[in-house]
Amino acid sequence: MSKLRVAVLGAKGRIGAEAVRAVEAAEDLELVAALGRGDALGTLTDTGAQVVVELTTPASVMENLDFCVRHGIHAVVGTTGWTDDRLAQLDTSLAASPETGVLIAPNFSIGAVLTMKFAQAAAPYFESVEVIELHHPNKVDAPSGTATRTAQLIAAARQQAGSAPQPDATATALDGARGADVDGVPVHAVRLRGLLAHQEVLLGGEGETLTIRHDSLHHSSFMPGILLGVRRVVDTPGLTFGLEHFLDLR
Ligand SMILES: NC(=O)C1=CN([C@@H]2O[C@H](COP(=O)(O)OP(=O)(O)OC[C@H]3O[C@@H](n4cnc5c(N)ncnc54)[C@H](OP(=O)(O)O)[C@@H]3O)[C@@H](O)[C@H]2O)C=CC1
Ligand SMILES: O=C(O)C1=N[C@H](C(=O)O)C[C@H](O)C1
């Protein structure tokens with residue numbers, strides 16, 4: 001059987017470099033390009049890439065995806081910075097290339113995907129819920145894509161369950177003291193040397209709290225999810241948001 005031809009964008013970055021090694025080590029995949037900033041996107045078509053793994057920056061991702069979709073190259077995207085406007089723009093370009101698949105995964109690690117699922121399930125049972133994400137200090141965006149997605153899922157679950165607004169008597173606060181408001185869920189971002197990628201979801205009810213915590217200790221935690229995405233996206237046209245759609249979660 002012929003190998004799937006894969007390119008990595010952001011190949012010299014923290015996660016991109018790990019993805020290059022993971023693709024090279026996979027027997028069913030062939031790494032045909034490893035591109036960094038300034039490298040010509042034409043290399044993707046010249047090398048016949050079938051799938052691009054996009055791990056760059058929020059400032060670069062839209063232009064890169066536009067090129068991929070216009071050329072019918074499937075994409076697995078870990079880069080953050082997704083807004084409704086950006087998703088709508090991507091949907092529009094995918095409509096003109098209906099056989100192309102794009103997976104956007106706020107987080108490729110199984111533990112983070114499960115954290116989101118558990119938080120979504122627990123949220124309606126508690127009066128209060130807040131998200132704390134903790135990352136290395138070189139991260140350029142805050143809050144993290146994972147924390148934003150987690151808060152959105154929590155908010156949707158609470159709305160569906162008819163939960164009351166969260167109790168909070170704060171009358172005066174320094175700017176930022178109560179975190180960012182994501183659909184009514186406070187999200188706090190910590191940047192600390194020594195950390196990689198971590199998240200806690202704190203839930204509180206009368207006389208009890210529940211903490212759901214996930215730690216990515218190494219970039220290898222993201223690799224099985226990226227490889228799964230590469231193998232599945234070629235048979236999944238259109239936009240898929242979240243790795244959970246490619247997992248057989250019960
Ligand atoms: N979904 C997930 O599971 C994960 C997602 N991420 C996300 O992935 C992204 C990358 O993270 P990280 O590796 O830590 O960041 P880095 O800054 O280490 O890596 C990004 C790399 O992309 C390069 N780059 C920038 N623009 C382009 C471009 N147009 N074409 C090709 N390469 C480009 C950068 O080059 P230069 O240095 O010259 O700017 C850099 O080498 C972030 O958005 C992060 O949040 C990270 C980990 C897991
Ligand atoms: O920048 C990172 O490192 C990470 N980014 C993603 C995010 O913003 O959620 C995924 C993970 O947290 C690592």
Side-chain angles (χ1 to χ4, degrees), residues 7-22 33-44 49 52-68 73 75-83 86 102-116 119 131-153 180 182 187-201 213-230 233 240-247:
V8 176
L9 289 184
K12 292 183 186 144
R14 281 175 289 270
I15 185 171
E18 187 79 20
V20 164
R21 286 190 285 275
L35 305 185
R37 185 189 287 279
D39 290 339
L41 289 175
T43 307
L44 301 175
V52 156
V53 180
E54 218 291 350
L55 301 165
T56 64
T57 66
S60 299
V61 64
M62 293 307 285
E63 185 185 338
N64 289 340
L65 287 185
D66 181 61
F67 181 93
C68 292
I73 303 172
V76 171
V77 184
T79 305
T80 45
W82 291 98
T83 59
R86 284 182 162 217
V102 174
L103 166 69
I104 298 173
N107 202 303
F108 288 110
S109 89
I110 182 67
V113 173
L114 288 174
T115 299
M116 289 186 248
V131 178
I132 306 173
E133 56 95 331
L134 310 91
H135 281 82
H136 59 88
N138 302 103
K139 185 166 176 57
V140 297
D141 57 316
S144 70
T146 308
T148 302
R149 183 64 180 154
T150 305
Q152 288 167 341
L153 292 171
V182 179
V187 179
H188 311 268
V190 176
R191 296 291 174 264
L192 203 69
R193 185 67 69 202
L195 295 182
L196 179 58
H198 317 258
Q199 178 164 288
E200 285 189 0
V201 181
R213 180 174 173 113
H214 173 254
D215 300 276
S216 265
L217 305 171
H218 190 268
H219 279 100
S220 54
S221 61
F222 305 114
M223 296 307 126
I226 289 180
L227 297 182
L228 174 70
V230 167
V233 76
T240 303
F241 196 91
L243 186 69
E244 60 275 19
H245 299 290
F246 286 2
L247 294 166

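Everything quoted here is computed from the prediction, not taken from an experiment. The residues of the chain are indexed from 1 along the displayed sequence. Counting starts at 1 for both ligands and their atoms, in listed order. Hydrogens, waters and symmetry mates play no part in the numbers below; they use all other heavy atoms, side chains included.
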Considering only non-hydrogen protein atoms, determine which one is nearest to atom 27 (C) of ligand 1 and report residue, atom name and distance to 0.1 Å.
S60 OG, 3.5 Å
Can you tell me the protein heavy atom closest to atom 15 (O) of ligand 1 and the distance?
R14 NH2, 3.5 Å
May I ask you to identify the nearest protein heavy atom to atom 13 (O) of ligand 1, giving residue, atom name and distance to one decimal place in Å?
I15 N, 3.0 Å
Any heavy atom of K139 sitting closer than 4.0 Å to ligand 1?
yes
Atom indices of ligand 1 within 4.0 angstrom of K12 heavy atoms, with elements:
41 (O)
Side-chain contact, heavy-atom cut-off 4.5 Å: N138 with R193?
yes
Counting non-hydrogen protein atoms only, what is the nearest one to atom 10 (C) of ligand 1? Give residue, atom name and distance.
T56 O, 3.1 Å
Can you tell me the protein heavy atom closest to atom 7 (C) of ligand 1 and the distance?
G78 O, 3.4 Å
Based purely on interatomic distance, does F222 place a nitrogen or oxygen under 3.5 Å from a nitrogen or oxygen of ligand 1?
no
Return the residue, atom name and 0.1 Å-rounded distance of the protein heavy atom closest to atom 2 (C) of ligand 1.
F108 CD1, 3.5 Å
Quiz question for you: does at least one protein heavy atom lie closer than 4.0 Å to atom 37 (O) of ligand 1?
no
Would you confirm whether any non-hydrogen atom of the protein falls under 4.0 Å from atom 20 (C) of ligand 1?
yes
Atoms of ligand 1 under 4.0 Å from any heavy atom of P106, numbered from 1 in the order shown, are 1 (N), 2 (C)
Which protein N or O atoms sit under 3.5 Å from any N or O of ligand 2? Give atom names and distances.
from, atom 1, to, atom 2, distance (Å)
ligand 2, 1 (O), K139, NZ, 2.9
ligand 2, 3 (O), H136, NE2, 3.0
ligand 2, 5 (N), K139, NZ, 3.1
ligand 2, 8 (O), K139, NZ, 2.7
ligand 2, 8 (O), G145, N, 2.8
ligand 2, 9 (O), G145, N, 3.3
ligand 2, 9 (O), T146, N, 2.8
ligand 2, 9 (O), T146, OG1, 2.5
ligand 2, 12 (O), H135, NE2, 2.6

Is the closest side-chain donor-acceptor distance between Q199 and T146 under 3.5 Å?
no
